[in-house]
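We use all heavy atoms of the structure for the numbers below, so side chains are in, but hydrogens, waters and symmetry mates are not. First the proteins, then the strands, lettered A, B, ... as listed; each starts at 1.
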Amino acid sequence: MSDLHIYNSYTRQKEKFEPIVKDHVGMYVCGPTVSGESHMGHARPYITFDVVYRYLTHLGYKVRYVRNITDAGHFEEEGREAQDKVSEKAQLERLEPMELVQKYSNLFHWGMRLFNNIDPNIEPTATGHVIEQISMIQKIMDEGFAYEQNGSVYFDVKKYAEAYPYGKLSGRKIDELLETTRDLDGQDEKRNKVDFALWKKAPPQHIMRWASPWGEGFPGWHIECSAMSSKYLGKEFDLHGGGMDLQFPHHESEIAQSTIAHGCAPARYWMHNNMITINGKKMGKSYNNVIKITELFSGDHPMLEQAYHPMVVRFNILQTHYRSTLDFSNESLQASEKAFRRLWDAYEVLQKLEPGTNDNAGDKELNEKVTKWCNECADFMNDDMNTAKVIANLFEMAPVINGIKGGQVSKEALSADTYKLMLSTFDTYLVEVLGMKPLQVQQDNKIDQVLSLLIEIRNDARTRKDYATSDLIRNKLTEAGVMLKDEKDGSVSYTIE
RNA sequence: GGUCACGUGGCCGAGAGGUUAGGCAGAGGUCUGCAAAACCUUGUACAGCGGUUCGAAUCCGCUCGUGACCUCCA
């Protein structure tokens, strides 16, 4: 089996993954800002890194997965009239800031659960770590890389860049950044336009505010991740994940802050997922083209032709490599829905197949192919989490599984070991690693009994060649969302929508 | 304007110097009382123009197109 390789955004190449501490992985993912509802674009990183977490765990690593909740507004720096997203929205909705934060945190967690994302081990909030942030800012000041100006504190990027490779992660050159002519509020306080805020003085109307050595204010955007990741994962940890759009300035700033405060860059491997686009444009609030997660699940949005099950969305996302853009479309989602149904059905068929006891495969060639498809799954995941290829291989096996059931493929074609391998591959990759769940919930017993009775009556009619009755039963059930299928062996199965 | 990506068959999307991605849709067939499902067969694509090479969709250059970041952003 191959070794795990990950594309490291920092070095721009695939690298063999080797944790700092043997068998342990520290992983930090930038979490949501809970000033509003999450949209489809937000779903991607959390699903992507959920799979990363699942796969690392599958490989036997003890993973500590930290994902923050940004519940304090520090979007003040660019200084539009919105001083602080959280408090502004709070005034609008006449809610306490923390009430608002609670509301959207709950909604976020609701969505994550439906996507079948495993909860992080630690989910720290920015407001709960103001002290840590203040002390980290202080440390940076003590080191001489930050300065205070009118109650705000800024990081001295120019000075930093003289000694450290500022811009390496995001591929930026400091000289070009210094030349950027952007007229933004607060710029006059900074020594250079590239400097970023570590601490912002709170204007009088600002609701969220904390006391600090520099007066009342609130932390800058980038410092929370640095303070919280180092607190729970140490000064240097293994993996840092997030959306590509966070590379600059957020992650670049994190690196600078940590380098000064802790003497090293925070993470060894940086992973960035690409964006979800809609009509070719990035889905994002600035473009006003978002489809919220609640809308996606309910179908209540002008762009949506139907509601989409969370597992369909998850499957759709995993059918694309995480570093490629993924264009939203109804056709794509609908194709994924059908595809996932077929794959999951095959998995259920596989679980019910009688493995047999033959040591030797009746069809050596097919047996070899199946073995190869199974074994390749590990290689594909090891190659920078290529979930798309894993899914493709699982699909390769669907006709084999269905063929065995339908009689087109001999039951003896595969050896008993290969049956087991196939089943364990689906268990491991489809369920455990990709985190897929069935679309329908298990129906309860009473419905089972009622349907059994109807099926019995229908079968009776069919033996009498009373097709009017049998078709009536089937058609009425179809209308009610219950689909009957006459199987080859004479049995009748059904699925409930 | 600067930096960086990307451009694959009807659609979505992997991959990558010579050998089938996969899914959805379409066509034909098998099975079936009819359906549905399933199974089988079927598509030879890689923006354009040059170059490197025995050979390129895959490498290099140019052109065109699209997008991302440079500001909050997943």
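- Rounded to whole Å, the separation between the P atoms of B/G7 and B/C39 comes to 31 Å.
- If you take CD of A/Gln334 and P of B/G10, they are 20 Å apart, rounded to a whole angstrom.
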Could you run down the sub-3.5 Å N/O contacts of the protein with nucleotides 67-69 of chain B?
from  : atom 1 : to       : atom 2 : distance (Å)
B/G67 : OP1    : A/Lys281 : NZ     : 3.3
B/A68 : OP1    : A/Lys282 : N      : 3.3
B/A68 : OP1    : A/Tyr287 : OH     : 3.2
B/C69 : OP1    : A/Lys282 : NZ     : 2.3
B/C69 : OP2    : A/Tyr287 : OH     : 3.2
B/C69 : O2'    : A/Arg172 : NH1    : 3.3
B/C69 : O2'    : A/Arg172 : NH2    : 2.9

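- Atoms CD (A/Glu396) and P (B/G15) sit 16 Å apart, rounded to a whole Å.
- In this structure, A/His272 and A/His251 have tilted ring planes: the angle between them lies in the 30° to 60° band.
- Taking the six-membered ring for Trp and the full ring otherwise, the centers of A/Phe155 and A/Tyr160 sit less than 6.0 Å from each other.
- Considering only side-chain atoms of A/Arg458, the nucleotide from B/A74, B/G33, B/G22 that sits closest is B/G33.
- Salt bridge A/Glu376/A/Lys372: present, at least one basic N to carboxylate O contact under 4.0 Å.
- Using cut-offs of 30° and 60° on the angle between ring planes, the pair A/Trp344 and A/Tyr347 is perpendicular.
- A close approach under 4.0 Å does occur between a side-chain nitrogen or oxygen of A/Asn386 and OP1 or OP2 of B/G15.
- A donor atom on one side chain and an acceptor atom on the other are found under 3.5 Å apart for A/Asn316 and A/Ser332.
- Relative orientation of the A/His240 and A/Trp270 rings is parallel, given thresholds of 30° and 60° on the angle between their planes.
- For the pair A/Phe315 and A/Val400, both in contact range of RNA chain B, the more 5′-proximal nearest nucleotide belongs to A/Phe315.
- Taking the P atoms as reference points, B/U19 lies 25 Å from B/C24, given to the whole Å.
- Atom CG of A/Asp466 is separated from atom CD1 of A/Ile457 by 12.0 Å, given to the nearest 0.5 angstrom.
- Comparing B/A14, B/U3, B/A36 against the side chain of A/Thr320 picks out B/A14 as the nearest.
- A/Gly171 comes within 4.0 angstrom of sugar-phosphate atoms only, judged by non-hydrogen atoms across all strands, and of no base.
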Just the atom pairs and distances: protein N or O near nucleotides 44-48 of chain B's N or O, under 3.5 Å.
none

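- Side chain of A/Lys389, nearest nucleotide from B/A14, B/A74, B/C72: B/A14.
- Across all strands shown, A/Ala392 has heavy atoms under 4.0 Å from base atoms, whether or not it also approaches the sugar-phosphate.
- Distance from the side chain of A/Pro45 is smallest to B/A74 among B/A74, B/C24, B/A14.
- When each of A/Asp327 and A/Lys173 is assigned the nucleotide of RNA chain B bearing its nearest heavy atom, the one mapping closer to the 5' terminus is A/Lys173.
- A distance of about 42 Å separates the P atoms of B/G18 and B/U71, rounded to the whole Å.
- A/Asn402 places no side-chain N or O within 3.5 Å of a backbone atom of A/Ala346 that could act as its donor or acceptor partner.
- Between B/C12 and A/Ser336, no contact under 4.0 Å exists linking OP1 or OP2 to a side-chain N or O.
- In this structure, CG of A/Asn274 is placed 12 Å from P of B/G7, rounded to the nearest angstrom.
- Using atom P as the reference point in both B/G48 and B/U8, the two lie 10 Å apart (nearest Å).
- Residue A/Arg342 places at least one side-chain N or O closer than 4.0 Å to OP1 or OP2 of B/C39.
- Ring geometry, A/Tyr65 versus A/Tyr53: the interplanar angle falls from 30° to 60°, so the pair is classed tilted.
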>> As a check on the pairing definition, encode RNA chain B in dot-bracket form, counting Watson-Crick and G-U wobble pairs whose two distances are under 3.5 Å, and using | for partners outside this strand.
In response: (((((((..(((.....[...))).(((((.......)))))....(((((..]....))))))))))))....
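- On the C1' atoms, B/G22 is 22 Å away from B/G28, given to the nearest whole Å.
- One C1' atom belongs to B/G43, the other to B/A27, and the distance between them is 10 Å to the nearest Å.
- Donor-acceptor pairing under 3.5 Å is recorded for the side chains of A/Tyr154 and A/Lys200.
- Atom-to-atom, NE2 of A/His251 to P of B/C4 comes out at 21 Å; the value is rounded to the nearest Å.
- Within the cation-pi definition used here (under 6.0 Å to the ring centroid, within 45° of the axis), A/Arg67 does not qualify as a partner of A/Phe49.
- Atoms CG (A/Asn475) and P (B/A36) sit 12 Å apart, rounded to a whole Å.
- Applying a 4.0 Å cut-off to non-hydrogen atoms, the residues of residues 465-474 of chain A that approach RNA chain B are A/Tyr467, A/Ser470, A/Asp471, A/Arg474, listed by residue number.
- Residues passing the ring pair (Phe, Tyr, Trp, His ring centres under 6.0 Å) test with A/Tyr308, sequence neighbours excluded: none.
- Annotation: A/Gln351, atom CD; neighbour count of heavy atoms from other residues, nucleotides and ligands within 6.0 Å is above 12.
- Using cut-offs of 30° and 60° on the angle between ring planes, the pair A/Phe340 and A/Phe315 is tilted.
- Base engagement by A/His39 is indicated by at least one non-hydrogen atom pair under 4.0 Å involving a base atom.
- The local environment of CD in A/Gln13 is crowded, with over 12 non-hydrogen atoms from other residues, nucleotides or ligands closer than 6.0 Å.
- Salt-bridge check for A/Lys405 with A/Glu487: passed, with a basic side-chain N closer than 4.0 Å to an acidic carboxylate O.
- Taking a 6.0 Å sphere around CD of A/Glu365, one finds it holds 12 or fewer heavy atoms contributed by other residues, nucleotides or ligands.
- Computed from coordinates, the A/Lys369 NZ to B/U20 C1' distance equals 9 Å when rounded to whole Å.
- Among the protein residues, A/Leu333 comes within range of no part of the nucleic acid, since none of its heavy atoms lies under 4.0 Å from any strand.
- Contacts of A/Leu394 with the nucleic acid, taken as non-hydrogen atoms under 4.0 Å apart, are absent.
- There is a side-chain donor-acceptor pair under 3.5 Å between A/Ser2 and A/Asp379.
- When the P atom is used for both B/G13 and B/C70, the distance is 24 Å, rounded to whole Å.
- Ring-plane geometry between A/Tyr28 and A/Phe237 is classed as tilted, the angle between the planes lying from 30 to 60 degrees on a 0 to 90 degree scale.
- With rounding to whole Å, A/Ile317 atom CD1 is found 15 Å from B/A74 atom P.
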So which protein N/O to nucleotides 25-32 of chain B N/O distances come out below 3.5 Å?
from  : atom 1 : to       : atom 2 : distance (Å)
B/A25 : OP1    : A/Lys338 : NZ     : 2.9

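- Within 4.0 Å (heavy atoms only), A/Ile391 reaches no atom of the nucleic acid at all.
- A/Asn316 has its CG atom 13 Å from the P atom of B/C24, to the nearest Å.
- B/C54 and B/C49 have their P atoms separated by 23 Å, with the value rounded to a whole Å.
- Using a 4.5 Å cut-off on side-chain heavy atoms (C-beta onward), A/Asn382 and A/Asp3 make no contact.
- Using a 4.0 Å heavy-atom criterion, one finds that A/Asn273 contacts the bases of the nucleic acid, with or without backbone contacts as well.
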